[in-house]
Amino acid sequence: MLEKIKETTDFIKSKTQVRPKTGIILGTGLGNLVTQITEKEEIPYETIPNFPLSTVEGHSGKLIFGKLGNVEILAMQGRFHYYEGYSMQEVTFPVRVMKALGIENLLVSNASGGMNPDFEIGDIMIITDHINAFPEHPLRGKNFNELGPRFPDMSQAYSKEFIAKAKAIAKRNNIKVVEGVYLGTSGPTFETPAEYKYFRIIGGDTVGMSTVPEVIVANHAGMKVFGMSIITDLGVEGKIVEISHEEVQEVGNKVQPLMTQIMKELVAEI
Ligand code: HPA
């Protein structure tokens with residue numbers, strides 16, 4: 001693993017002179033932010049040694065180095081999901097590489113199903129905490145002390161400082177945001193009504209199929225994390241309707257510019 005990280009990091013460093021401190025993982029279909037990046041240098045995932053091979057043709061994604069406003073950033077357009085069949089080590093490998101590239105702050109985004117009855121479709125939720133409901137833990141197995149501690153603290157997995165800044169940014173831009181706990185589970189099925197109820201009872205405000213593995217590894221690596229989720233459907237009793245991936249993407253598309261605005265101002269402040 002350590003050798004793979006080094007090999008991949010060396011390759012990426014040979015492709016660009018940009019050395020950002022902030023990394024952004026954009027959920028599938030949440031690429032609006034990319035349109036705001038200037039001085040772009042793109043590296044397709046399929047050309048990067050040791051990066052997982054895409055399971056979906058034409059949707060493999062890319063690393064984008066560039067500037068958001070005046071700040072150098074590294075964006076991952078597209079992530080690897082556990083439901084696609086990747087191991088947890090594969091899902092989180094890009095975060096290890098980001099750390100080795102010098103990334104200190106990790107910003108993540110996703111789409112999720114709202115379970116908090118106060119939430120509405122199209123809301124942006126600032127992630128204050130998460131519940132790991134995946135069947136496997138990304139840090140299970142031999143621990144490499146070079147990468148982080150055996151038993152990482154998770155008492156502030158999402159930086160309180162970044163959350164406060166993001167809330168202030170949303171307020172001054174008149175963007176409605178809600179806050180809550182993101183519950184990550186494997187998918188690929190959306191939840192049954194009983195599962196939504198169960199995930200709500202155990203403390204989730206939204207449920208989705210990503211993010212938690214990456215955030216665990218980022219914390220293991222000592223990075224500061226911030227996350228936002230677009231509520232694309234509701235898993236609230238009485239409001240549950242049939243949903244599809246297309247509907248999730250449609251809502252995501254509408255709300256993306258607002259999320260981009262918050263991200264853009266946040267990177268300038270951190
Ligand atoms: N459940 C799980 N993942 C999701 C959902 C959901 O309702 N909506 C968007 N991603």
Side-chain angles (χ1 to χ4, degrees), residues 24-33 55-56 59 61 76-86 88 91-92 107-138 157-158 176-216 226-260 262-263:
I24 304 177
I25 302 179
L26 298 166
T28 314
L30 298 182
N32 171 273
L33 185 133
T55 61
V56 194
H59 287 84
M76 271 185 79
Q77 184 171 19
R79 57 152 59 87
F80 302 99
H81 299 90
Y82 186 70
Y83 64 73
E84 293 177 81
Y86 300 114
M88 278 297 183
V91 168
T92 58
L107 315 184
V108 296
S109 67
N110 61 46
S112 65
M115 302 183 294
N116 182 325
D118 296 334
F119 289 0
E120 292 168 34
I121 289 174
D123 279 350
I124 294 173
M125 186 185 89
I126 291 177
I127 304 175
T128 55
D129 202 350
H130 75 217
I131 294 173
N132 179 16
F134 282 87
E136 198 192 329
H137 198 287
Y158 299 81
K176 180 194 175 193
V177 289
V178 295
E179 292 173 67
V181 173
Y182 175 91
L183 184 143
T185 184
S186 78
T189 44
F190 292 112
E191 286 61 38
T192 63
E195 285 166 346
Y196 281 126
K197 189 174 175 184
Y198 163 61
F199 287 150
R200 175 70 184 148
I201 288 169
I202 65 170
D205 289 295
T206 63
V207 54
M209 307 175 196
S210 68
T211 303
V212 167
E214 293 108 309
V215 171
I216 289 172
F226 174 76
M228 271 188 290
S229 189
I230 296 179
I231 313 297
T232 55
D233 54 277
L234 293 175
V236 175
E237 217 168 346
K239 294 188 183 170
I240 300 171
V241 292
E242 204 178 302
I243 49 161
S244 67
H245 182 57
E246 288 67 32
E247 283 161 313
V248 166
Q249 287 190 314
E250 203 180 303
V251 177
N253 281 335
K254 275 194 208 137
V255 186
Q256 279 190 66
L258 302 176
M259 196 168 75
T260 297
I262 298 172
M263 287 282 196

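We count ligands from 1, going down the list as the structure has it; atoms in each ligand are counted the same way. These numbers come from the heavy atoms of this one structure, side chains and all, not from hydrogens, waters or symmetry mates. Positions are given from 1 along the sequence.
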Considering only heavy atoms of [X], which atoms of ligand 1 have at least one such atom less than 4.0 Å away?
{"X": "Thr232", "value": "8 (N), 9 (C)"}
{"X": "Ala111", "value": "9 (C), 10 (N)"}
{"X": "Ser112", "value": "5 (C), 8 (N), 9 (C), 10 (N)"}
{"X": "Met209", "value": "2 (C), 3 (N)"}

Without hydrogens or angle criteria, can the side chains of [X] and [Y] be said to hold a donor-acceptor pair below 3.5 Å?
{"X": "Glu247", "Y": "Ser244", "value": "yes"}
{"X": "Tyr196", "Y": "Glu237", "value": "no"}
{"X": "Asn253", "Y": "Gln256", "value": "yes"}

Residue, atom name and distance, where the atom is the protein heavy atom closest to [atom]:
{"atom": "atom 2 (C) of ligand 1", "answer": "Glu191 OE1, 3.2 Å"}
{"atom": "atom 8 (N) of ligand 1", "answer": "Asp233 OD1, 2.7 Å"}
{"atom": "atom 5 (C) of ligand 1", "answer": "Gly113 N, 3.4 Å"}

message = Tell me every residue that passes side chain to side chain donor-acceptor pair (under 3.5 Å) with Glu120, counting only those two or more places apart in sequence or in another chain.
response = none
request  = Kindly write out the residues that satisfy side chain to side chain donor-acceptor pair (under 3.5 Å) with Thr232, not counting sequence neighbours, or none if the list is empty.
outcome  = none
query = Do you know which of Val207, Ile201, Val181 makes side-chain contact (heavy atoms from CB on, under 4.5 Å) with Met115?
reply = Val207
